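What follows is a single structure, written as structure tokens, with notes after it.
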Amino acid sequence: MKLDERHLIQLAAVVQTGSVTEGAELIGMTQPAVSRTLSTLEKRLGEPLFFKGQRPLQPTPLARALADQGNAMLAASRKASETVQFFREGKAGSVRVGGTPFFMDALISSMTAEFQNSFPEIRVDQSYGYVRDLREAIHADRIDLAICPIDILGEGSGLVFEEILPGRNVVACSVLHPLLNKRKPTARELLEYPWVAPPEGSPLYADLHSILLSLGATEIKIRYSGGSLASVINYMTRTNALTVLPHSVVFAYRKDRSLTALPFKIPHPDRALGILRPADAPYLPAVDKYAQHIAGGFKDLRHLIKRHEDAVVWGG
């Protein structure tokens with residue numbers, strides 16, 4: 001015998017409240033409509049649903065068993081309604097974000113954790129890549145947005161870019177590096193030490209070569225390359241090697257007392273960190289909330305980074 005699921009939900013509401021009137025109110029129906037449903041259900045079953053003459057209504061064993069099924073459906077219906085409401089309010093859903101490795105590890109992962117403390121029902125799937133890969137991933141609908149450094153978008157790219165932090169690189173080293181004993185280390189002194197190269201193909205890799213050439217290097221002493229941010233930090237804390245990192249990344253590790261910046265001024269890269277999104281993307285509340293959280297976090301962070309930068313006596 002096939003029963004109408006709606007009938008079971010109405011029965012469950014009446015059993016739960018002990019009253020047809022209150023049961024109807026619980027599920028947003030009228031009392032006559034629910035009464036008709038109960039009458040129809042009794043005729044179909046050939047069995048009474050409630051014991052006569054008892055108030056509040058007392059369900060029969062069969063009615064109670066059917067009401068248990070109806071309660072499960074009622075709970076699923078309420079959960080579905082809640083899911084829709086949460087999705088529309090940006091409190092549930094998923095976010096697929098890609099980004100350049102060093103920024104994602106140093107800054108974005110902690111911001112994501114803070115975001116999910118406020119919105120635990122939103123799932124965040126993070127992936128890595130550089131600008132070209134991230135653009136392709138956005139166009140292929142593999143990610144919703146990217147957080148990466150970029151210089152300029154070509155006309156007709158189909159993307160929009162929101163700057164969240166201006167570009168600024170520094171020469172990074174261990175907090176115990178000998179050059180920190182000098183108020184103004186020279187380019188020649190910097191070139192006496194080995195260097196760590198970021199992953200090949202990354203913007204930082206190009207920056208490192210440009211900066212070393214500007215310092216007058218004819219031979220670059222690369223002793224370690226291609227590592228993750230964690231491996232680069234572990235390597236540098238045990239050596240006197242130098243590398244080029246975004247100032248924001250060094251700033252993020254200031255409390256760990258593992259990395260610091262040498263007081264040596266190097267050229268700014270012609271790019272900024274920002275959020276890259278498709279121009280014609282459908283409105284996804286969870287993605288929009290996540291992007292707002294990241295942008296807001298950097299709005300506060302950029303002032304702290306600027307104060308940190310001003311506290312360093314940059315050399316020449």
Side-chain angles (χ1 to χ4, degrees), residues 95 97-119 122 124 126 128 131 145-151 161-177 179-180 183-185 196 198 202-204 207-208 211 228-230 232-234 236-237 242-277 287-316:
V95 179
V97 56
T100 47
F102 282 13
F103 280 116
M104 299 301 283
D105 290 348
L107 298 163
I108 305 303
S109 58
S110 59
M111 290 185 178
T112 298
E114 293 167 358
F115 175 77
Q116 289 187 306
N117 286 336
S118 300
F119 302 101
I122 296 180
V124 178
Q126 177 181 302
Y128 296 106
V131 177
L145 53 85
I147 302 172
C148 57
I150 198 169
D151 44 14
F161 182 75
E162 177 188 359
E163 180 181 325
I164 55 179
L165 194 68
R168 176 62 185 256
N169 287 338
V170 294
V171 177
C173 64
S174 161
V175 293
L176 300 177
H177 200 282
L179 287 180
L180 291 172
R183 190 172 71 87
K184 290 187 177 182
V196 174
S202 69
L204 280 176
D207 291 344
L208 173 65
I211 289 165
S228 66
L229 179 59
V232 167
I233 292 175
N234 288 335
M236 292 185 64
T237 55
L242 304 174
T243 193
V244 173
L245 287 176
H247 186 204
S248 56
V249 171
V250 176
F251 174 83
Y253 284 89
R254 69 197 185 283
K255 294 181 180 179
D256 292 353
R257 298 187 178 277
S258 53
L259 287 184
T260 190
L262 282 176
F264 190 92
K265 191 173 183 178
I266 57 178
H268 289 234
D270 294 327
R271 69 179 77 92
L273 181 69
I275 301 173
L276 193 63
R277 303 175 71 174
V287 174
D288 196 57
K289 253 190 172 47
Y290 180 80
Q292 289 176 12
H293 175 81
I294 297 298
F298 274 97
K299 184 177 180 181
D300 297 333
L301 188 62
R302 66 193 300 163
H303 296 300
L304 295 175
I305 291 176
K306 186 64 170 63
R307 286 171 54 186
H308 184 262
E309 184 178 314
D310 293 341
V312 178
V313 182
W314 297 107

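We count residues from 1, following the sequence as given. Below, each value reflects all heavy atoms present in this structure, side chains not excepted, and no hydrogens, waters or symmetry copies. In this text the structure is predicted, and so the values were computed from the model without any measurement.
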| request: Could you check D207 against R271 for side-chain contact (heavy atoms from CB on, under 4.5 Å), going step by step and ending with a plain yes or no? | output: CA-CA 11 Å; D207 291 344; R271 69 179 77 92; 2.7 Å; yes
| query | Between I294, L145, I275, which is the residue that forms a side-chain contact (heavy atoms from CB on, under 4.5 Å) with E162? | reply | I275
| Stacked cation flag R254 on F251, 6.0 angstrom / 45 deg | yes
| Are the side chains of Y290 and I122 in touch, meaning some heavy atoms are under 4.5 Å apart? | no
| Side chain to side chain, L262 and L180, heavy atoms closer than 4.5 Å | yes
| Can you tell me how far OG1 of T112 sits from CD1 of I147, rounded to the nearest 0.5 angstrom? | 6.5 Å
| field | Over all atoms of both residues, closest heavy-atom pair of F161 and C148 | value | CE1-O, 3.7 Å
| With a 4.5 Å limit on heavy-atom distance, are the side chains of V171 and L179 in contact? | no
| Given P203, P246, S248, the one that forms side-chain contact (heavy atoms from CB on, under 4.5 Å) with N169 | P246
| field | Residues L242, H177; criterion side-chain contact (heavy atoms from CB on, under 4.5 Å); working and verdict | value | CA-CA 9 Å; L242 304 174; H177 200 282; 3.4 Å; yes
| query | Can you tell me how far CZ of F103 sits from CG of L165, rounded to the nearest 0.5 angstrom? | reply | 7.0 Å
| request: Go through the steps for L107 and F298 under the test side-chain contact (heavy atoms from CB on, under 4.5 Å), then give the verdict. | output: CA-CA 9 Å; L107 298 163; F298 274 97; 4.0 Å; yes
| query | Is there side-chain contact between S202 and T100, with at least one heavy-atom pair below 4.5 Å? | reply | no
| said: Quick check against the 3.5 Å criterion: does H293 have a side-chain atom that pairs as donor or acceptor with the backbone of M111? | reply: yes
| Looking at side-chain heavy atoms only, is the closest gap between L245 and L259 below 4.5 Å? | yes
| query | Do the non-hydrogen side-chain atoms of Q116 and V95 ever get within less than 4.5 Å of each other? | reply | no
